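Throughout, protein chains are lettered first and strands after them, A, B, ... in sequence-line order, and every chain is numbered starting at 1. On a predicted model such as this, the values are computed, not experimentally measured, just so you know.
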Amino acid sequence: MSNEFRATLHLKFMGRHLMMLPPTYQSHDPNKMAIIYYSLCGIAATDKTQIETKYSKSREFILAHHKTIELKDDQKICTISGFIGTLTLDFQDNKVITINLSNTLFALLSLRILGETSFFENSKHKRHIGNLVKNCQLPDGSFVSSLDIDNGFKPSPVDSKDLRYTYMAISILYLMGSRSKQDFNEFIDVDLAVKNILNHQTLLGAFGEYNEPHAGYTSCALSALYLLNRSLNVLSESFKSKTISWLVFRQLSNEGCSKFQIDSNPSFDEADNGGFQGRPNKFADTCYAFWCMNSLKLLTDDWKNLIDTSAVLNYLLKTTQNTLIGGFSKNDDDDPDIYHTCLGIAALKLLDGSFDGSLCIPKYVSDTMVL
Amino acid sequence: MTEEFLLKFQDIKPTPIQTDIPNELCQILYTKEYANLMGVTRTLMNNREHSKRALELTSVVIEIAPAFYTVWNYRYNIIHDMVLQLKDANQEKVIEFLNKDLDWLDELTLNNPKNYQIWSYRQAILNLHPKPDFKRDLPILKIMLHDDTKNYHVWSYRKWLIDFVKNDSLFDFNIELNFTNIFIDRDIYNNSAWTHRLFVIKTNPANKNIDFNSKLIQNEIIFTKKNIHLCPQNISSWNYLIALLDWLNNGKATDDLIEFASQFVSDFFSNTAILPNIQSSYALEFLADQYKLDPKRINDSIKAYKALSTKYDPIRTPYWNHLIKGLS
């Protein structure tokens with residue numbers, strides 16, 4: 001099999017996800033904005049001219065998901081705004097609060113990809129979206145993704161508060177123009193947010209819940225810290241080198257002593273050679289090539305000299321790239337899906353230097369955002 | 001089935017979902033059933049109806065689309081409201097009511113093992129519960145972990161639960177430690193089980209001032225050695241050992257552990273002719289990491305990294321070279 005990047009097939013695969021989808025997608029209805037973002041992001045990273053010719057008119061459609069809500073209680077008045085993921089969650093007079101951080105982030109990234117600028121320059125939008133992020137922060141510095149549907153001053157009582165939402169909160173503020181600590185502090189308590197991130201450091205490097213390191217959370221934590229002040233100075237040198245080592249060990253091999261696991265480790269697969277896993281002793285998965293390499297890139301400029309780049313290229317192009325219908329799958333077994341397609345392409349583009357990993361958009365898009 | 005269920009809502013005028021917008025992306029073709037169900041849900045949420053039938057409706061919606069975060073929130077608000085009303089009657093009723101909700105959740109959990117919402121909803125219900133009982137949660141967690149032994153959400157929830165009940169005198173940390181044995185015995189490579197083990201030891205209030213020479217930690221060392229013997233090329237057991245040393249012994253291995261690790265690398269350090277066959281690259285790395293702290297053995301450390309690069313772990317050649325550069 002050749003290891004050529006099948007751009008035309010992938011563009012078709014992603015393009016199909018932006019057209020009419022069958023009812024089997026109903027269960028993804030609340031996350032529709034995620035499907036839109038993964039598709040647009042992958043298309044933009046592959047061929048930006050397609051964005052201009054085919055999709056730029058859809059800005060209005062995405063903007064139809066932006067909702068502004070006046071909050072009022074006995075003492076306070078506050079206006080928040082953000083995006084819903086589907087018009088199924090569009091409620092009359094905004095009586096039910098359904099905007100959340102993930103849909104807001106995915107919509108803002110999609111708008112940036114589509115070349116929208118005026119939305120981001122509007123100072124009201126900056127303030128109102130900032131207020132949404134503010135209301136999502138908990139007293140321990142962490143974030144939930146959504147507010148209570150009946151009371152927008154309160155975080156949702158049923159939401160989780162993991163590092164994904166900390167990353168989303170900070171990325172949203174960054175996209176809306178926050179750069180200095182003072183800018184971020186206008187809406188959130190930066191010191192508390194950082195303290196909470198640091199509390200998720202694990203003993204042997206990397207980040208995770210309750211001391212179990214995880215490549216996805218590690219990427220969220222490092223990207224969030226990086227967006228806050230364009231450096232990772234807040235981490236100790238020893239933690240940084242432990243994390244680099246932890247990440248480097250996520251690249252799987254079928255050579256040397258690794259082979260001793262063939263008969264005894266149920267999560268060992270020789271076909272995984274070159275790919276990355278999300279945690280020790282798990283199978284390789286396309287998306288972790290991105291989460292691990294993005295983390296390494298943030299930790300050191302020398303990142304490409306720490307991993308076997310040709311092995312990861314081979315893994316993505318020969319093992320998880322689908323050469324019949326396009327797209328990337330999670331591993332060598334599954335069918336391709338839009339999430340792994342976007343992240344597989346992102347991983348490849350990170351390697352060729354054309355992708356901004358901390359914001360998760362093509363570099364040419366984030367280059368237009370420099371203040 | 002949904003149609004029949006919706007007969008309960010004949011008095012409700014569904015709020016239709018807006019579709020067919022110009023330049024729409026990712027338009028989902030909704031079935032009539034879905035559109036009706038969502039239409040009714042939207043009206044009910046808008047009316048803030050907190051009734052028994054509204055509660056039933058949330059179950060139906062969650063089964064069809066468990067990712068609907070707002071419907072979970074709606075369900076919680078209904079439950080919360082009903083608990084407030086029951087509180088006036090008596091606490092037993094509240095407990096019974098919330099346990100019934102947990103029964104429903106157990107059932108749903110079994111059918112949706114990868115869903116995120118389930119676990120944070122469960123935390124919210126336990127926080128609302130007047131007498132949260134960790135024993136009630138253990139069977140479902142056990143089933144879930146037996147079905148998917150490395151499910152990060154379930155292990156995380158289990159750790160949250162331990163943290164939640166750690167001061168409850170009925171909670172037995174030794175039983176919890178043994179719980180990890182089941183998973184390590186079944187798959188010695190289960191990293192979640194190994195990290196859970198360390199979490200259990202660190203969270204137990206009785207171990208607050210524990211030191212490296214304590215019986216508990218020494219037993220853990222014996223336990224780990226036994227497991228490394230079974231499978232020397234296992235990053236999880238080696239990491240567990242390193243984590244214990246990092247936590248309680250400044251990362252420094254005892255002579256006994258150096259000797260232990262040496263048995264997996266054949267005559268690597270004394271053999272000047274060839275690179276021998278060894279049993280574990282992790283053992284060699286462990287020794288190299290220790291030797292580099294000792295100026296007299298730094299060359300052994302470099303020799304080991306070089307051999308890892310050329311023979312024992314070649315995919316990480318760039319990384320091993322980077323370590324060697326830092327030493328010379």
**Intermediate values then yes/no, side chain to side chain contact (heavy atoms under 4.5 Å, CB included), B:Asn73 and A:Asp148** = CA-CA 7 Å; B:Asn73 193 163; A:Asp148 188 290; 3.8 Å; yes
**Fill in**
With chain A, the option among B:Leu29, B:Leu25, B:Asn191 that has the most non-hydrogen atom pairs under 4.5 Å is B:Leu25
**Asked** Of all of A:Gln251, A:Met19, A:Met33, A:Arg16, which one pairs up most often with chain B through heavy atoms under 4.5 Å apart?
**Response** A:Gln251
**Request:** Please say whether more than 12 non-hydrogen atoms of neighbouring residues, nucleotides or ligands are located less than 6.0 Å from NZ in A:Lys161.
**Result:** no
**Prompt:** Is chain A contacted by the side chain of B:Pro16, its backbone, both, or neither, given a heavy-atom distance below 4.5 Å?
**Reply:** neither
**Asked** Between A:Ser156 and B:Tyr76, do the side chains contain an N or O donor and an N or O acceptor separated by less than 3.5 Å?
**Response** no
**Complete:** Ranked by heavy-atom pairs below 4.5 Å to chain B, first place among A:Tyr25, A:Tyr55, A:Phe268 goes to A:Tyr25
**Item:** Minimum heavy-atom distance between B:Cys26 and A:Ile35, given as atom pair plus value
**Value:** SG-CG2, 3.6 Å
**Prompt:** B:Arg48 versus chain A, heavy atoms under 4.5 Å apart: side chain, backbone, both or neither?
**Reply:** side chain
**Request:** Mind ranking B:Gln117, B:His322, B:Lys311 by heavy-atom pairs under 4.5 Å with chain A and telling me who comes out on top?
**Result:** B:His322
**Asked** In Å and rounded to the nearest 0.5 Å, what is the OG to CG distance from A:Ser245 to B:Leu323?
**Response** 7.5 Å
**Which atoms of B:Ile21 approach chain A - backbone, side chain, both or neither, heavy atom under 4.5 Å** = side chain
**Asked** If you count heavy-atom pairs under 4.5 Å with chain B, which of A:Pro22, A:Ser258, A:Gly278, A:Pro266 comes out on top?
**Response** A:Pro266
**Item:** From CA spacing to verdict: side chain to side chain contact (heavy atoms under 4.5 Å, CB included), B:Ser192, A:Arg279
**Value:** CA-CA 9 Å; B:Ser192 294; A:Arg279 290 178 270 156; 3.1 Å; yes
**Item:** Top contributor to chain A interface from B:Gly39, B:Pro314, B:Pro232, B:Ala65 [non-hydrogen pairs under 4.5 Å]
**Value:** B:Pro314
**Item:** Whether over 12 other heavy atoms sit under 6.0 Å from B:Asn111 CG
**Value:** yes
**Message:** If we define contacts as heavy-atom pairs under 4.5 Å, which of A:Asn254, A:Asp308, A:Leu306 has the most with chain B?
**Reply:** A:Leu306
**Message:** I'd like to know which of B:His196, B:Glu285, B:Arg122, B:Gln123 tops the heavy-atom pair count under 4.5 Å against chain A.
**Reply:** B:Glu285
**Message:** Atom CG of residue position A:Asp301 - does it have more than 12 heavy atoms of other residues, nucleotides or ligands inside 6.0 Å?
**Reply:** no
**Prompt:** Side chain, backbone, both or neither: which part of B:Met38 has a heavy atom under 4.5 Å from chain A?
**Reply:** side chain
**Item:** Within 6.0 angstrom of B:Lys202 NZ, more than 12 heavy atoms from elsewhere
**Value:** yes
**Message:** Taking every non-hydrogen pair under 4.5 Å, which of B:Trp119, B:Phe199, B:Trp247 racks up the most with chain A?
**Reply:** B:Phe199
**Fill in**
Given B:His80, B:Arg75, B:Gln279, the one with more heavy-atom pairs under 4.5 angstrom with chain A than any other is B:Gln279
**Message:** What part of B:Tyr121 gets within 4.5 angstrom of chain A, counting heavy atoms only: side chain, backbone, both, or neither?
**Reply:** both
**Asked** Would you say A:Gln26's side chain and B:Thr31's backbone share a donor-acceptor pair under 3.5 angstrom?
**Response** yes
**Request:** Could you tell me which portion of B:Ile17 (side chain, backbone, both or neither) has an atom closer than 4.5 angstrom to a non-hydrogen atom of chain A?
**Result:** side chain
**Request:** Looking only at non-hydrogen atoms, find the nearest pair between A:Cys257 and B:Ser280 and report the distance.
**Result:** SG-C, 4.2 Å
**Message:** So for B:Trp194, is it side chain, backbone, both, or neither that comes closer than 4.5 Å to the heavy atoms of chain A?
**Reply:** neither
**Request:** Measure across B:Gln233 and A:Gln261 and return the closest heavy-atom pair with its distance rounded to 0.1 Å.
**Result:** O-CG, 3.6 Å
**Request:** Look at the side chain of B:Tyr189 and the backbone N and O of A:Pro280, then say whether any donor-acceptor pair between them is shorter than 3.5 Å.
**Result:** no
**Asked** Is the CD atom of A:Glu60 crowded by more than 12 outside heavy atoms at less than 6.0 Å?
**Response** no
**Request:** Select one option (side chain, backbone, both, neither) describing which atoms of B:Asn46 are under 4.5 Å from chain A's heavy atoms.
**Result:** both
**Prompt:** Should A:Ser160 and B:His153 count as side-chain neighbours, where that means a heavy-atom distance under 4.5 Å?
**Reply:** no
**Prompt:** When only pairs under 4.5 Å are counted, which of A:Leu203, A:Ile62, A:Val96, A:Leu204 shares the most heavy-atom pairs with chain B?
**Reply:** A:Leu204
**Request:** Report the C-alpha distance between A:Asn281 and B:Asn190 in whole Å, list the side-chain angles of each, state the deciding distance to 0.1 Å, and finish with yes or no for side chain to side chain contact (heavy atoms under 4.5 Å, CB included).
**Result:** CA-CA 7 Å; A:Asn281 286 328; B:Asn190 186 335; over 6 Å; no
**Message:** Check this for me: B:Lys292, atom NZ, are more than 12 non-hydrogen atoms of other residues, nucleotides or ligands nearer than 6.0 Å?
**Reply:** yes
**Asked** Do you know the tightest heavy-atom contact between B:Gln18 and A:Asp90?
**Response** OE1-OD2, 3.9 Å
**Asked** Are any side-chain N or O atoms of B:Tyr152 and backbone N or O atoms of A:Glu209, one a donor and one an acceptor, separated by less than 3.5 Å?
**Response** yes
**Request:** Return the minimal non-hydrogen interatomic distance between B:Ile64 and A:Ser27, and the atom names on each side.
**Result:** O-CB, 3.7 Å
**Item:** Polar contact flag, side-chain donor to acceptor under 3.5 angstrom, B:Arg316-A:Ser253
**Value:** no
**Most contacts with chain B, counted as non-hydrogen pairs under 4.5 angstrom, among A:Ile149, A:Asn31, A:Leu89** = A:Ile149
**Request:** In sequence, state the C-alpha distance, the side-chain angles, and the governing distance for A:Asp159 and B:Trp72, and then conclude on side chain to side chain contact (heavy atoms under 4.5 Å, CB included).
**Result:** CA-CA 9 Å; A:Asp159 212 0; B:Trp72 284 96; over 6 Å; no
**Complete:** Between B:Leu198 and A:Asn211, the two heavy atoms sitting closest are CD2-ND2, 4.1 Å
**Message:** Is a donor from one side chain sitting under 3.5 angstrom from an acceptor on the other, for B:Asn321 and A:Asn305?
**Reply:** no
**Complete:** Turns out that what part of B:Ser120 lies under 4.5 Å from chain A's heavy atoms comes down to both
**Message:** Whether the side chain of B:Arg42 engages the backbone of A:Thr88 through a donor-acceptor N/O pair (distance < 3.5 Å, no angle test) should be reported.
**Reply:** yes
**Prompt:** Going by distance alone, is a donor N or O of one side chain under 3.5 Å from an acceptor N or O of the other, for A:Tyr210 and B:Asp163?
**Reply:** no
**Request:** Examine whether an atom of B:Asn239 lies under 4.5 Å from a heavy atom of chain A, and if so say whether it belongs to the side chain, the backbone or both; otherwise answer neither.
**Result:** both
